[in-house]
Amino acid sequence: MTSKKVLFVLTSTDRLGNSGHHTGAYLSEITHPYDEVIRAGYSVDMVSPQGGKVPLDGVKMDDPINATWMNDEDFLEKIEASLKPSEVNIDDYVAVLYVGGHGAMFDLPDNKELQKIAARIFENDGVVASVCHGAAGLVNVRLSSGQYLVQGHELSAFTNDEEETVGMEKVVPFLLESKLKERGALFSSAPKFTSHVVKSGRLVTGQNPASAAEVGQAIVEVLDFISEGRSVPEKNWCEWGHP
């Protein structure tokens, strides 16, 4: 792999179903991995189902990483003018990250073009990653074998317990943890709202916003491993974990 490009997938949804609540892509789940990936020397493009301006949620400017990137012209331009899926040259990317925010639950799961992007990058020996509700974009991704991409992989995402705690379990179209388990994933979680990241082969997943920076670090780590010509474990990286 000679490319140094990573693709971030963001929601275009700005309203939560019929609830009237505002939603969008959760800002720290963009900025924290972005910061890690950019500092490691990769470039980032952003894509959303509709292209154009991405709605944002969780815009907390007391977060220094949010504040840094929200004052960066290149970053803002990517948020204001995201690519459409049809504009993505999939083979340019070594990794794809599906970013969360509740909006992801509504427009990422059934987007065939985005499913194709994840499957192709994975089958090109690239890294597929998600953070929090971003894993909604993976629930229907099938590989060319017909198998679900997540099947048999240990992974994490926003848990049913976390969804109930924030009072959204009746608003979202499905419970993400339950759906991933239906697809044959081996769901892994930490106490709610604490950082938890799982590396399973070339699949990197984080549980919630607190996991976002660590997801970025893990993407870089797996890409470094691949670029060194080392063989990536098929499933769980046993040495990966928290002391």
Side-chain angles (χ1 to χ4, degrees), residues 3-14 22-85 87-89 92-105 107-108 114 117-118 121 126-137 156-158 193-197 204-224:
S3 170
K4 294 276 282 185
K5 292 180 79 173
V6 176
L7 185 66
F8 280 29
V9 180
L10 313 173
T11 183
S12 295
T13 299
D14 66 355
H22 172 79
T23 188
Y26 203 81
L27 183 59
S28 64
E29 294 178 25
I30 310 171
T31 58
H32 287 220
Y34 187 89
D35 191 67
E36 297 291 339
V37 168
I38 292 287
R39 286 195 291 115
Y42 293 87
S43 62
V44 173
D45 290 334
M46 299 189 189
V47 62
S48 62
Q50 294 177 22
K53 186 173 182 177
V54 171
L56 296 176
D57 196 6
V59 181
K60 297 168 183 165
M61 299 305 277
D62 56 349
D63 175 328
I65 296 177
N66 281 353
T68 295
W69 289 109
M70 287 299 279
N71 284 290
D72 181 89
E73 283 186 22
D74 287 343
F75 179 85
L76 287 176
E77 191 173 323
K78 291 170 186 175
I79 294 289
E80 292 284 330
S82 66
L83 300 170
K84 294 179 181 174
E87 295 172 326
V88 171
N89 184 351
D92 286 350
Y93 300 95
V94 293
V96 58
L97 170 64
Y98 284 73
V99 170
H102 276 94
M105 296 288 289
D107 63 357
L108 297 189
L114 292 174
I117 288 170
I121 289 174
V127 174
V128 171
S130 66
V131 58
C132 198
H133 290 97
S156 194
F158 206 61
F193 309 119
T194 61
S195 177
H196 181 57
V197 173
V204 172
T205 52
Q207 182 172 326
N208 47 35
S211 315
E214 203 177 331
V215 165
Q217 293 162 13
I219 292 169
V220 170
E221 186 174 355
V222 180
L223 288 173
D224 284 349

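Starting from 1, each residue takes its place in the sequence as its number. Source: prediction; values computed, not measured.
By the side-chain hydrogen bond (donor to acceptor under 3.5 Å, both in side chains) test, S48 is found to be paired with S12, S82, residues two or more places apart in sequence or in another chain being considered. Residues meeting the side-chain hydrogen bond (donor to acceptor under 3.5 Å, both in side chains) test with T31, sequence neighbours left out: N66. For Y34, the ring pair (Phe, Tyr, Trp, His ring centres under 6.0 Å) criterion is met by W69, F75, not counting sequence neighbours. Contacts of D35 classified as salt bridge (charged side-chain N to carboxylate O under 4.0 Å, His left out), with partners at least two apart in sequence or in another chain: R39. Applying the side-chain hydrogen bond (donor to acceptor under 3.5 Å, both in side chains) rule to Q207 yields the partners E162; only residues at least two apart in sequence or on another chain are considered. Applying the salt bridge (charged side-chain N to carboxylate O under 4.0 Å, His left out) criterion to K5, with sequence neighbours excluded, gives D45.
Listed for the N208 side chain is a donor-acceptor partner under 3.5 Å among the backbone atoms of T194. Although no hydrogens or angles enter the test, the distance criterion places a donor-acceptor pair under 3.5 Å between the side chain of T11 and the main chain of G103. With hydrogens and angles ignored, the 3.5 Å screen pairs a side-chain donor or acceptor of H22 with a backbone N or O of L56.
The distance from atom CG of L83 to atom NZ of K78, rounded to the nearest 0.5 Å, is 10.0 Å. To the nearest 0.5 angstrom, D74 atom CG is 12.0 Å from I79 atom CD1. Atom OH in Y42 sits 4.0 Å away from atom CG in L223 (nearest 0.5 Å). A distance of 5.0 Å separates CD1 in I30 from CG in L10, rounded to the nearest 0.5 Å. Separation of atoms CG (L114) and NZ (K84) is listed at 13.5 Å; rounding is to 0.5 Å. Separation of atoms CD (Q217) and CG (D224) is listed at 12.0 Å; rounding is to 0.5 Å.
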